[in-house]
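Everything quoted here is computed from the prediction, not taken from an experiment. Below, chain A is the first sequence line, B the second, and so on; all start at residue 1. Heavy-atom basis, side chains included; hydrogens, waters and symmetry copies ignored.
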Number of protein chains: 2
Amino acid sequence: MADIRDVAQRAGCSIATVSRALNSPQLVRPETLARVQAAAAELKFRPNALGRQLRGERTGLIGVMLPTLGNPVFADCLEGIEAAIDGTGRRLLLVTTQYDPERERNAIETLLQQRVDGLLLTLADAEHSVLIDDLAAEGVACQLVYNDAPHRPCVSVDNRAAAAQGVAMLIEAGHRDIVMVTGALHASDRAKRRYLGYGDAMQAAGLTPLPAFEIDFNSGARGERVREWLAQRERDGARPTALFCSNDLLALGVMRALREAGLRVPDDISVLGFDGLAVGELLSPTLATVVQPSVEIGRHAAQRLLAQIDGRTGTATGSPDASLGQALILPHEIRRGGTVAAPPHKPR
Amino acid sequence: MADIRDVAQRAGCSIATVSRALNSPQLVRPETLARVQAAAAELKFRPNALGRQLRGERTGLIGVMLPTLGNPVFADCLEGIEAAIDGTGRRLLLVTTQYDPERERNAIETLLQQRVDGLLLTLADAEHSVLIDDLAAEGVACQLVYNDAPHRPCVSVDNRAAAAQGVAMLIEAGHRDIVMVTGALHASDRAKRRYLGYGDAMQAAGLTPLPAFEIDFNSGARGERVREWLAQRERDGARPTALFCSNDLLALGVMRALREAGLRVPDDISVLGFDGLAVGELLSPTLATVVQPSVEIGRHAAQRLLAQIDGRTGTATGSPDASLGQALILPHEIRRGGTVAAPPHKPR
DNA sequence: CTGAAAGCGCTAACAC
DNA sequence: GTGTTAGCGCTTTCAG
């Protein structure tokens with residue numbers, strides 16, 4: 001592999017000139033420039049980014065850590081991130097953690113060792129994580145994505161308010177027996193906030209919030225779990241008329257289980273999701289859901305991160321924008337859909 | 001940021017010893033080791049991967065280039081890749097190209113400048129791409145993903161045979177007027193092969209293959225296009241009874257358009273997809289489709305790439321495994337689903 | 001405008 | 001076991 005020295009030799013100049021020709025062509029006499037370019041081309045010279053990065057102040061690498069790409073919500077977000085860095089000459093170093101705090105720690109460390117300029121993270125639980133404080137203390141540029149932690153640098157929706165609004169819609173449709181279905185509550189700050197929002201809406205309507213139905217996300221037999229649970233509630237004469245699922249993927253799984261259990265959506269039971277996955281609109285009935293702008297969340301987070309990075313050693317500007325250290329709350333939206341209807345009439 | 005030199009000083013030893021303590025602890029006296037570790041911890045020493053990479057033979061970086069993550073088929077594949085490299089201490093450098101050959105070229109160059117150990121690529125059109133030949137000539141470890149190019153290093157299904165089998169199923173269900181719906185044919189080698197498969201199946205049944213209905217993937221008004229096309233075919237009295245969509249995402253969009261046009265699936269028209277997206281099974285009716293094992297494709301591709309990399313400067317083994325330079329064809333599967341039924345009875 | 005030289009942080013011979 | 005040293009490929013003063 002040709003070296004900058006090889007190019008210099010071939011072009012009959014010093015390596016400094018080659019470097020300049022490549023990075024600041026205007027600093028070099030056109031004639032020399034041409035010779036360097038020719039030499040580089042003939043030798044198929046490929047600048048070694050590692051050398052430059054080791055020397056320079058920045059690497060141009062952005063570390064991205066997400067729980068999984070199996071949930072399109074994160075894939076969408078990643079698309080937004082990509083869109084934001086496109087054209088800036090930066091590259092993405094990607095890691096997924098499967099919601100495992102242990103992996104989160106390792107992943108961040110790995111990214112930092114690679115000297116990324118900044119970090120875009122979705123933590124399983126940002127509230128109880130000491131990681132971000134450490135990062136802040138170390139002065140690492142960082143934005144949380146999806147986690148809504150009030151006074152941290154993050155981009156998300158107001159999960160609590162959004163959930164409340166969704167549940168309010170269910171109530172408005174006539175539902176009183178509404179249960180929230182979720183993955184392990186303790187493992188996700190978002191799920192917790194959404195559950196709070198559920199509680200808010202119930203209480204605002206004078207209803208008593210019910211315990212959440214937690215169902216293991218990693219279990220293969222989720223459908224089975226749902227059916228058992230339903231049967232149980234049925235026996236207790238307390239089958240809810242509506243389910244609020246903490247995310248769309250879960251909602252889809254639940255709907256399948258309902259179908260297999262012989263229940264019709266929305267005739268027998270209504271279902272509301274959260275996320276706003278595109279597929280939800282393609283279903284029939286279409287999935288009613290609380291929409292968060294995933295692509296925009298990713299895009300904004302990346303933009304803020306870049307601003308943060310540039311603000312650090314940027315040409316001037318002086319004071320770093322304080323707002324970058326605060327939460328950016330993007331607007332959510334309620335998507336009405338066929339999976340929510342009035343509860344079935346039946347004497348209680 | 002603490003340096004290996006700082007650690008050495010603090011531990012009262014040379015930088016070489018620090019390096020050894022960190023990378024080959026067994027080469028260092030336990031007592032020294034302890035001192036080094038203590039020093040490193042106190043200084044919050046974080047080894048700079050760039051230094052190591054610049055020095056060493058390998059970077060541990062794997063370049064991944066995919067068209068988009070908006071299609072879960074690629075996100076799934078990426079999950080498989082992640083799974084395969086997990087625990088190997090490698091990291092992923094990710095780029096998406098939006099099926100743009102120009103971006104493909106740039107992206108590969110960028111990845112190479114970062115000195116990735118190998119490349120995992122999905123090209124828009126591997127057959128007419130000179131890129132892989134160049135890569136091969138340069139001796140870059142590389143595996144194509146999804147592209148099935150017979151004598152290239154790639155992992156995929158047999159798109160042609162798989163498509164033929166899917167279409168055969170439609171024919172078996174009684175369909176004779178089957179049209180393939182696809183994105184721009186010229187832009188994707190997979191779509192082309194699937195169309196060939198469609199032709200194979202039609203001819204095998206003594207039917208005449210129809211021209212593909214190409215619909216611009218990037219157009220927002222796809223639903224509109226589909227409805228216009230249907231109306232046109234209707235007027236010609238040639239409305240097909242079944243549509244074979246070149247991928248599941250397209251199938252979902254088409255189904256939506258059909259619904260909006262007042263057509264019922266599968267009563268009025270059957271739909272068959274290709275990919276085997278998980279969401280397909282959650283729909284009702286469930287999407288009939290040709291399933292490719294996306295996660296496995298990613299996993300195998302990554303494993304082969306790692307083997308290829310290790311084979312290069314690996315400890316021994318001598319001859320590189322020749323099979324890594326050939327296509328690995330994984331089995332596909334036909335998933336029957338509710339979107340395919342017998343054609344409606346009607347006098348012609 | 002161009003060149004010489006000093007590293008960026010690390011590893012791997014090679015000596016001791 | 002440990003230290004010394006020579007770079008990996010590049011950018012960037014500092015002189016000319």
Side-chain donor-acceptor pairs of residues 295-307 of chain B under 3.5 Å, sequence neighbours excluded:
from, atom 1, to, atom 2, distance (Å)
Glu296(B), OE2, Arg299(B), NE, 3.0
Glu296(B), OE2, Arg299(B), NH2, 3.3
His300(B), ND1, Glu296(B), O, 3.0
Arg304(B), NE, Gln143(B), OE1, 3.0
Arg304(B), NH1, Ser323(B), O, 3.4
Arg304(B), NH2, Gln143(B), OE1, 3.2
Arg304(B), NH2, Leu324(B), O, 3.2
Arg304(B), NH2, Gln326(B), O, 2.4

Rounded distance (Å) that lies between atom [atom2] of [N] and atom [atom1] of [X]:
X         : N       : atom1 : atom2 : value
Arg5(A)   : dC8(D)  : CZ    : P     : 6 Å
Asp6(A)   : dC10(D) : CG    : P     : 9 Å
Leu50(B)  : dG7(C)  : CG    : C1'   : 15 Å
Arg46(B)  : dC10(C) : CZ    : P     : 12 Å
Leu43(B)  : dG9(C)  : CG    : P     : 14 Å
Gln114(A) : dG9(C)  : CD    : P     : 15 Å
Asn48(A)  : dG9(D)  : CG    : C1'   : 6 Å
Phe45(B)  : dC10(C) : CZ    : P     : 4 Å

Side chains of residues 19-27 of chain B: which donor-acceptor partners sit under 3.5 Å, not counting sequence neighbours?
from, atom 1, to, atom 2, distance (Å)
Ser19(B), OG, Asn23(B), ND2, 3.3
Asn23(B), ND2, Ser19(B), O, 3.0

Which atoms form the tightest heavy-atom contact between Thr68(A) and Gly70(A), and what is the distance? OG1-N, 2.8 Å

Does anything in residues 10-29 of chain A pair up under ring pair (Phe, Tyr, Trp, His ring centres under 6.0 Å), and if so which pairs, sequence neighbours excluded? none

I'd like to check the ring pair (Phe, Tyr, Trp, His ring centres under 6.0 Å) partners of Phe74(B); sequence neighbours left out, ordered by chain and number. Tyr146(B)

Using the side-chain contact (heavy atoms from CB on, under 4.5 Å) criterion, which residues pair with Ala40(A)? Sequence neighbours excluded. Val7(A), Phe45(A)

Per-nucleotide protein contact string for nucleotides 1-6 of chain D (B base, S sugar-phosphate only, - none; heavy atom under 4.0 Å): SBBB-B

